[in-house]
Protein chains: 2
Amino acid sequence: MSVTIKDVAKVANVAPSTVSRVIANSPRISERTKEKVRQAMKELDYHPNYNARNLANKSTKTIGLIMPNSVNKTFQNPFFPEVIRGISTKAHQLDYGLYLSTGQSDEEIFEEVQDMVLGRRVDGIILLYSKVNDKLMSYLYHEKFPFTVIGRPYDQEKLDVTYVNNDNFKAAKTVTEYLLLLGHERIAFIGGNLETVVTLDHMEGYKKALMNADIGVKDDYVVFHEELQEGGQEAVIDLMSLSDRPTALIVADDIMTFGVMRMLSEMDVKVPEDISIISFNNVLISELSSPPMTTVDINIYSLGFEAANCLIDQINHPDIKTKQVIIPHKLIKRQTCQKISNRSFN
Amino acid sequence: MSVTIKDVAKVANVAPSTVSRVIANSPRISERTKEKVRQAMKELDYHPNYNARNLANKSTKTIGLIMPNSVNKTFQNPFFPEVIRGISTKAHQLDYGLYLSTGQSDEEIFEEVQDMVLGRRVDGIILLYSKVNDKLMSYLYHEKFPFTVIGRPYDQEKLDVTYVNNDNFKAAKTVTEYLLLLGHERIAFIGGNLETVVTLDHMEGYKKALMNADIGVKDDYVVFHEELQEGGQEAVIDLMSLSDRPTALIVADDIMTFGVMRMLSEMDVKVPEDISIISFNNVLISELSSPPMTTVDINIYSLGFEAANCLIDQINHPDIKTKQVIIPHKLIKRQTCQKISNRSFN
DNA sequence: CTGAAAGCGCTAACAG
DNA sequence: CTGTTAGCGCTTTCAG
């Protein structure tokens with residue numbers, strides 16, 4: 001079998017407990033013995049057994065990542081690799097490992113999380129999404145298990161969970177105002193999954209801006225779709241069939257925007273000449289659309305990085321106050337928006 | 001503290017070992033006691049402690065996923081969520097968990113893997129990439145630790161590792177032949193990272209097809225780039241500056257193709273009228289380019305699914321023969337290729 | 001400053 | 001069919 005702490009102890013001529021202390025770098029061990037022990041560890045290529053250590057410590061130094069249910073293909077979104085990259089970086093710095101959920105349906109995921117929590121498989125959890133009335137969040141909340149949400153909780157009574165979010169309301173409002181300033185009045189909104197908090201926040205921001213400008217919210221101009229690929233395309237069909245076609249589109253997600261632009265180009269509607277588009281996320285490919293899309297950079301990497309940071313804080317200081325951090329966003333102007341032109345079609 | 005096997009034993013009025021047997025669903029326990037114990041487990045909401053169980057079992061039921069070093073941003077590629085989805089599905093079916101590497105540089109990753117292996121943190125490993133002369137692969141190979149590669153080993157002496165791959169040579173060859181049949185002769189190749197086995201295989205296939213057609217391989221027509229976004233764009237600049245511009249492009253990756261098309265459109269080169277493009281992977285967004293790209297579907301999901309399958313087999317039957325599985329690919333014809341036209345520019 | 005011993009929660013002989 | 005006991009490899013009192 002593998003080399004254990006006892007083997008090291010034997011070689012170094014000390015007790016196992018001493019070796020353990022050296023690993024923990026206890027100050028109560030003399031430099032001389034430390035050196036001796038370290039020597040032995042190198043010699044034997046000793047690596048501590050995680051499970052034994054975790055068991056004795058009641059801590060695993062790993063954090064669980066919960067993906068949204070992958071039944072619809074949201075998981076395809078390059079958003080996820082990027083948040084994970086952020087999380088990963090922080091986790092690595094602080095010597096934490098990452099454990100991934102594998103469930104496909106909400107029930108499977110719930111089961112899984114329960115196992116993680118009660119089975120002490122992870123020290124804390126990051127929810128990579130946030131949706132309304134999430135059973136999972138309620139569960140973690142009531143178990144008082146350390147967790148942080150990317151996005152935000154929806155129910156009022158859970159405002160005190162730790163989360164990392166963008167100001168999506170504000171972002172959507174600003175974006176709408178921007179289009180308004182460019183002279184657009186017929187502005188449509190293509191949102192994502194309605195169960196998702198970010199969608200709701202976007203919509204509120206959109207409505208608010210319109211109201212402030214004394215422009216009524218037209219129901220026909222507000223559509224939702226959870227499918228990233230087909231979603232954008234179908235939405236376009238609906239919107240372009242209206243008698244008073246919109247002159248500007250606010251789209252929930254860059255990937256969806258690709259679909260939107262695809263469909264528009266099929267219909268020979270020119271962007272931005274005939275219609276302006278503005279989108280959210282700024283995933284890496286978003287600059288590669290033709291024309292390159294104007295979008296809101298939400299700093300996905302930082303969302304992940306901060307989430308890991310907050311979670312680990314929470315793990316280390318169980319009585320710490322919960323934290324709510326807002327990652328700044330930024331409008332990235334590229335080439336899908338322009339002042340409304342007189343040659344507005346229809 | 002949490003509820004343990006002893007608590008359950010007490011409530012059910014049996015010995016801890018009996019409870020353990022019920023968990024394992026041992027046939028040597030009467031249905032009556034099984035029922036009694038299960039009852040108690042529900043009552044107490046018992047969930048076994050993973051670490052204790054892993055320690056006693058010397059097995060963790062979790063598999064390690066090793067990402068490529070994320071220094072360059074290859075990880076952004078939607079390829080990864082999709083392989084992971086495949087892996088995840090199989091893993092979930094067989095009750096395996098997923099553990100993610102977090103290292104950023106090759107050295108960090110190597111350290112990490114060594115810890116995983118020697119520290120018994122995972123039962124097996126999947127390498128999500130394959131590059132030439134990979135230290136990591138050599139390590140796992142010599143440790144005789146269960147692992148499978150997505151892609152294939154490059155060195156001759158390691159042909160007997162278990163891997164899941166596409167026939168990338170053939171795919172590239174076919175694709176080149178296809179362009180040849182469309183009348184193209186000036187066909188350029190834009191490859192990915194040269195350290196990557198798939199790139200090498202693509203290149204070989206490309207050359208082979210040209211040779212078979214008695215067309216010389218022009219060095220200027222073969223360029224490599226590891227950056228997904230900028231890569232495509234830079235490559236286009238190089239190629240379009242040639243006096244005899246290519247009339248067709250073979251691009252290593254869909255995301256890169258977005259960059260290629262972006263740049264081409266900036267230069268007012270029309271696809272496919274002026275230049276044909278064919279790409280690899282068929283990630284989900286690839287159908288959303290304008291025009292939608294012709295690409296080779298490599299069945300990313302299956303790559304992951306099979307890799308998990310092979311690995312778990314290997315874990316359960318350590319003496320099983322290694323396996324090499326080839327996932328079929330398929331040319332997806334969309335709208336970026338056409339017969340060479342007389343109005344060929346330059 | 002270091003050693004002995006108990007224990008983390010579960011499994012696996014070995015008895016019976 | 002079920003209970004007793006001894007570990008799995010590490011940490012942590014408690015002595016000294």
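Scope of the values below: all heavy atoms of this structure, side chains included, with no hydrogens, waters or symmetry mates. Letters A, B, ... mirror the listed sequences (proteins, then strands); counts begin at 1.
Place A:N57 and B:A56 on DNA chain D by their nearest nucleotides, and B:A56 ends up nearer the 5' end. Toward the 5′ end of DNA chain C lies the nearest nucleotide of A:R32, the other residue of the pair B:A24 and A:R32 mapping further downstream. Residue order along DNA chain D, read from the 5' end via each residue's closest nucleotide, puts B:K34 first among B:L55 and B:K34.
Taking 3.5 Å as the limit, the base of D:dT4 and the side chain of B:S17 contain a donor-acceptor pair of atoms between them. Counting distance only, with no hydrogens placed and no angle test, the side-chain atoms of A:R21 and the base atoms of D:dT11 include no donor-acceptor pair under 3.5 Å.
Of the side-chain N and O atoms in B:K58, none sit less than 4.0 angstrom from OP1 or OP2 of C:dT11. In this structure, A:T33 reaches the C:dT2 phosphate: one of its side-chain N or O atoms is under 4.0 Å from OP1 or OP2. At the phosphate of D:dT2, neither OP1 nor OP2 sits under 4.0 Å from any side-chain N or O atom of B:T18. Within the 4.0 Å cut-off from OP1 or OP2 of D:dT11, at least one side-chain nitrogen or oxygen of A:S20 is found.
If you take NZ of B:K6 and P of C:dT11, they are 14 Å apart, rounded to a whole angstrom. In this entry the distance linking CG of B:N54 with P of C:dT11 reads 10 Å, nearest Å. The separation between A:I5 atom CD1 and C:dA4 atom P is 14 Å, rounded to whole Å. Across the protein-nucleic acid pair, B:N25 atom CG and D:dC1 atom P stand 13 Å apart, rounded to whole Å. Atom NZ of B:K10 is separated from atom P of C:dG9 by 12 Å (rounded to the nearest Å). At whole-Å resolution of the value, CG in A:N49 and P in D:dT11 are 10 Å apart. Between the CG atom of A:N51 and the P atom of C:dG9 there is a distance of 15 Å, rounded to whole Å. Regarding A:I23, its CD1 atom lies at a distance of 11 Å from the P atom of D:dT12, rounded to whole Å.
Under 4.0 Å is where a charged nitrogen must lie from a carboxylate oxygen, and between B:D123 and B:K61 no such pair does. A salt bridge links B:D106 to B:K131: one of the charged nitrogens lies within less than 4.0 Å of a carboxylate oxygen. The pair B:D115-B:R121 fails the salt-bridge criterion, with no side-chain N (NZ, NE, NH1 or NH2) lying under 4.0 Å from an Asp/Glu carboxylate O.
For B:R53, counting side-chain heavy atoms from C-beta on, the closest listed nucleotide (C:dC10, D:dT12, D:dT4) is C:dC10. Of the listed nucleotides (C:dT2, C:dG3, D:dT2), C:dG3 has the atom at the smallest distance from the side chain of A:V14.
B:R152 forms no cation-pi arrangement with B:Y163, by the criterion of a distance under 6.0 Å to the ring centre and an angle within 45° of the ring axis.
In this structure, CG in B:N57 is found 9.5 Å from CG in A:N51, a value given to the nearest 0.5 Å.
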#### Entry: salt bridge (charged side-chain N to carboxylate O under 4.0 Å, His left out) evaluation trace for A:E35 with A:R32
CA-CA 5 Å; A:E35 221 17 80; A:R32 250 191 82 254; over 6 Å; no

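Residue contacts for A:V19: at a heavy-atom cut-off of 4.0 Å it reaches no nucleic acid atom on any strand shown. Counting any heavy atom pair closer than 4.0 Å across all strands shown, B:Y46 reaches sugar-phosphate atoms only and no base atom.
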